[in-house]
A.B. asks: 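Quick one: this structure, given as structure tokens, is what I'll be asking you about.
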Amino acid sequence: MADLSTDLAGAVLPNPLMTASGCAANGRELHRFLDVAGLGAFVTKSVMRGPRSGRGTPRMAETPSGMLNSIGLQGPGIDAFVEDDLPWLASVGARALVSIAGSDAEEFAEVARRLRDSEAFSAVVGVEVNISCPNVANRGLVFACQPDSSAAVLTLVREQLPGVPLFAKLSPDVTDLVLIAEACLAAGADGLTMVNTLLGMAIDLDRMRPHLGGVTGGLSGPAIRPVAVRAIWQVHGAMLTGRLRPAPIIGVGGVHSGRDALELVAAGASAVQVGTATFHDPTSPARVLRELETLLDERGLDLAGAVGLAHERTA
Amino acid sequence: MSGEVPDTPVAQVAARLLSNEPVGAYRHLVLDAAAVAAPARPGQFVAVAVGGDDTAHLLRRCFSIHRVDPAAGTVELVVADAGAGTHWLVGLRPGAAVDVVGPLGTPFPLPDEPTGCVLVGGGYGSAPLGWLAEQLRAAGSHVELVLGAATADRLFGVEAGRRTADAVSVTTDDGSAGTKGWVSDVLPEVIGRSSATTLYACGPMAMLRSVTDVAAAHRAVAHVAVEEAMACGIGICMTCVMPVVQDDGQTKMVRSCLEGPVFRGDAVRWEAFADGRCAVPADAVGAPVAAGGGGH
Ligand SMILES: Cc1cc2nc3c(=O)[nH]c(=O)nc-3n(C[C@H](O)[C@H](O)[C@H](O)COP(=O)(O)OP(=O)(O)OC[C@H]3O[C@@H](n4cnc5c(N)ncnc54)[C@H](O)[C@@H]3O)c2cc1C
Ligand SMILES: Cc1cc2nc3c(=O)[nH]c(=O)nc-3n(C[C@H](O)[C@H](O)[C@H](O)COP(=O)(O)O)c2cc1C
Ligand code: FES
């Protein structure tokens, strides 16, 4: 049997499969379909300082092999999260990778501080910093589009969470992903999660107006998998050539099967998140894990040996 | 997102399609799905994967449960051929496998004591009402049905309703069956003569809103089953929200797949819905303040 364990900047997980932020709520809903403690980690919906209603509806549009969403980071806020959701994850033995977000760098830091000071913090194996959300101070431009605003967030979050594995979640909608990755790692990130949704849009042709209440939305699902593979490939490649310091990558984007997961691993991911596929099949994260294990067994590989393997075999 | 996840049973089943027959403008599907049938209650729904194994249609389609037969282990649906996913589903032949998740959502709450009930259905929204009517009648309530649709072929459940309910009223927009007009045109008279205290409704948003208004005018309570676009049906994506007043008086954007689809009509903030959209009321918990409403 393949060794599936993975070391994510000191967080050693029994297997590399995770939910993706925003695609599994905060655990209870999905636990009716699979044991969330059986996953390498459970990634929570990005939590902000206060409660947020999110945007009006429609909030989603189905697209070929994917979907657009404009949820607007709906959530209960960090206080309700640490009082209710995190203790529940702890109670079932789940390892939580907590996703945090903010409208400015200070909000990220405050969410990080309240998380650190919470009673159930022992369930937290790491924090995923969702810098792919809009920065109010900068005309709504997402943090992850610029190295300096990405670094500003990571610096402040790192101060609040010394010693906690920190992952910066990157947007693929940038001209030079390696530059953003470099800024995040220099500012204190231990690793990178790639990728968040791509900005997209759909038009309601009956009403001849934007379909989504939020006008534009995030594209996810198998339609974006080639983008995720490319992003992971580029950043892992930069680590292999010494342009970036080596750091673990969590791959996410369009994973629907074990084969998809293995593709992200071969490009350089040490762990894999399953997002939109969970809407199609609520047991997806557990199923993808089983399928990945079989594929590794068939190839006589351990997970660690498969990470980035395709780079060695490039013509 | 916190709290309130029902502890009622829910299953994911590789169901077999037992039959697929036309009923007016719809198809009546019978599925062999015992694990869904046993715990199901009227008002609950199922989420069906469409398009087959390698489909490009990733999102499940939701359908009210028309009725179940727990002894036979069957679940029945009434499906309108509306778009790509339903087109695939209504084209399946008996014997086909269908991936079904359910039963999902809140059922219609049944009254504690026998009372006068009016059940209002619009189009395929009538699908769960016959089953509900049987349960209400069995518990001693007086049950009247008001069934409406655009045209006669889009009415559902009229004949069966005449066998189960105490009375059935029919309306069509074009007058091709029953009274020409909307269900809300005949509803006041039906409530008046049956002294109903409880209304149940399932159908388009605008209909649910007028049923709620008519109920209020007659000091009756309306329980409405809504149909918001749902990506997952199981409470994990947050696409299906609507503004609903909570017990503490605050309005929250709640998931209609988990806290609904059945809501008390008077708790829904109907004024937020217009022309296929629903805005976040300014007084909703966590409503966006001017800038910074973004993010996915
Ligand atoms: C709780 C609930 C109960 C329902 N009960 C029934 C029923 O008993 N019989 C029936 O025929 N239909 C029912 N519907 C509507 C049914 O789900 C849609 O008609 C169906 O999703 C359309 O799918 P499509 O692939 O044909 O259309 P497409 O246009 O290809 O769908 C594209 C996307 O939009 C969504 N969507 C499109 N129309 C609707 C709609 N009217 N409501 C919700 N989502 C929509 C789809 O789910 C899909 O994600 C119900 C919907 C909900 C939410
Ligand atoms: C409905 C929905 C909500 C999402 N919410 C978040 C979120 O709160 N935070 C975040 O970092 N990513 C969020 N994402 C992005 C996913 O975590 C993931 O990066 C993206 O969907 C690509 O993966 P997938 O193709 O497997 O879905 C969301 C995606 C979807 C579809
Ligand atoms: S449809 Fe996904 S939360 Fe309701």
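Every chain is numbered from 1 and lettered A, B, ... according to where its sequence line falls, protein lines coming before strand lines. Everything quoted here is computed from the prediction, not taken from an experiment.
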A.B. asks: Below 4.5 Å from any heavy atom of chain B, which atoms of A:D104 appear? Answer side chain, backbone, both or neither.
C.D. replies: neither
A.B. asks: Let's test your reading of the structure: which of A:G27, A:A101, A:P51 forms the most heavy-atom pairs below 4.5 Å with chain B?
C.D. replies: A:P51
A.B. asks: Please classify the contact between B:M230 and chain A as side chain, backbone, both or neither, with a heavy-atom cut-off of under 4.5 Å.
C.D. replies: backbone
A.B. asks: Taking C-beta and beyond as the side chain, do A:R55 and B:V280 meet within less than 4.5 Å on heavy atoms?
C.D. replies: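 No, every pair of side-chain atoms sits at 4.5 Å or beyond.
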A.B. asks: I'd like to verify something: which residue of A:G214, A:P282, A:G221, A:S257 has the highest number of heavy-atom pairs under 4.5 Å with chain B?
C.D. replies: A:P282
A.B. asks: If we only count heavy atoms from C-beta on, is the A:T57 to B:T239 side-chain gap below 4.5 Å?
C.D. replies: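 With C-beta onward as the side chain, the pair stays apart.
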A.B. asks: Does some side-chain heavy atom of A:P58 sit less than 4.5 Å from a side-chain heavy atom of B:R277?
C.D. replies: yes
A.B. asks: Could you check whether atom CZ of A:R49 has more than 12 heavy atoms from other residues, nucleotides or ligands sitting under 6.0 Å from it?
C.D. replies: yes
A.B. asks: Can you confirm whether more than 12 heavy atoms, excluding those of B:D7, are under 6.0 Å from its CG atom?
C.D. replies: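 Check fails, neighbour count at 12 or below.
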A.B. asks: In terms of heavy-atom contacts, does CG of B:D54 have more than 12 from other residues, nucleotides or ligands at under 6.0 Å?
C.D. replies: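 No - once you tally the heavy atoms of other residues, nucleotides and ligands closer than 6.0 Å, there are 12 at most.
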A.B. asks: Evaluate the side-chain proximity of B:P288 to A:S53: yes if any heavy-atom separation is below 4.5 Å, no if none is.
C.D. replies: yes
A.B. asks: What do you reckon, is CG of B:D283 surrounded by more than 12 foreign heavy atoms closer than 6.0 Å?
C.D. replies: yes
A.B. asks: Dump the intermediate steps for side chain to side chain contact (heavy atoms under 4.5 Å, CB included) on A:R52 and B:V285, then the final yes or no.
C.D. replies: CA-CA 7 Å; A:R52 283 172 63 104; B:V285 174; over 6 Å; no
A.B. asks: Contact between B:I236 and A:K45 at the side-chain level, heavy atoms closer than 4.5 Å - yes or no?
C.D. replies: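 Not in contact.
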A.B. asks: Quick one, B:D275 and A:R207 - any side-chain contact, counting heavy atoms below 4.5 Å?
C.D. replies: yes
A.B. asks: Hey, does the side chain of A:H280 reach the backbone of B:L58 with a donor-acceptor pair shorter than 3.5 angstrom?
C.D. replies: yes
A.B. asks: CG of A:D281 to SG of B:C232: how many Å apart, nearest 0.5 Å?
C.D. replies: 12.5 Å
A.B. asks: Please check if the side chain of A:R59 supplies one atom and the backbone of B:M238 the other of a donor-acceptor pair under 3.5 Å.
C.D. replies: yes
A.B. asks: Please say whether more than 12 non-hydrogen atoms of neighbouring residues, nucleotides or ligands are located less than 6.0 Å from CD in B:Q246.
C.D. replies: yes
A.B. asks: May I ask you to decide if B:V241's main-chain N or O and A:Q74's side chain share a donor-acceptor pair within less than 3.5 Å?
C.D. replies: no
A.B. asks: Does atom CH2 (B:W182) have a neighbourhood of more than 12 heavy atoms from anything else shown, all under 6.0 Å?
C.D. replies: no
A.B. asks: May I ask you to name which of B:G276, B:A284, B:G51 has the most heavy-atom pairs under 4.5 Å with chain A?
C.D. replies: B:G276
A.B. asks: So which residue, A:C23, A:G50, A:G22, ends up with the most heavy-atom pairs under 4.5 Å with chain B?
C.D. replies: A:C23
A.B. asks: Can you tell me which residue among A:R32, A:E29, A:R28 is in a side-chain contact (heavy atoms from CB on, under 4.5 Å) with B:P6?
C.D. replies: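 Considering A:R32, A:E29, A:R28, a side-chain contact (heavy atoms from CB on, under 4.5 Å) with B:P6 is found only for A:R32.
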A.B. asks: Would you mind checking which part of B:P243 comes under 4.5 Å of any heavy atom in chain A, side chain (CB onward), backbone (N, CA, C, O), both or neither?
C.D. replies: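 No part of it gets close to chain A.
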A.B. asks: Specify which of B:A287, B:A49, B:A279 makes the most heavy-atom pairs with chain A at under 4.5 Å.
C.D. replies: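 Sorted descending by pairs with chain A, the first entry is B:A287.
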A.B. asks: Measure A:T276 against the heavy atoms of chain B and call it side chain, backbone, both or neither at under 4.5 Å.
C.D. replies: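 Answer is side chain: those atoms of A:T276 sit under 4.5 Å from chain B.
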A.B. asks: For a quick test of reading the model, state the closest non-hydrogen atom pair linking B:A231 to A:M60 and the distance between them.
C.D. replies: N-CE, 3.7 Å
A.B. asks: What part of A:H256 gets closer than 4.5 Å to chain B, counting heavy atoms only: side chain, backbone, both or neither?
C.D. replies: side chain
A.B. asks: Tell me, side chain or backbone of A:T278 under 4.5 Å from chain B's heavy atoms, or both, or neither?
C.D. replies: both
A.B. asks: Could you check if a side-chain atom of B:R61 sits within less than 4.5 angstrom of a side-chain atom of A:E62, using non-hydrogen atoms only?
C.D. replies: yes
A.B. asks: Side chains of A:F279 and B:I234, heavy atoms from C-beta outward: is any pair under 4.5 Å?
C.D. replies: no
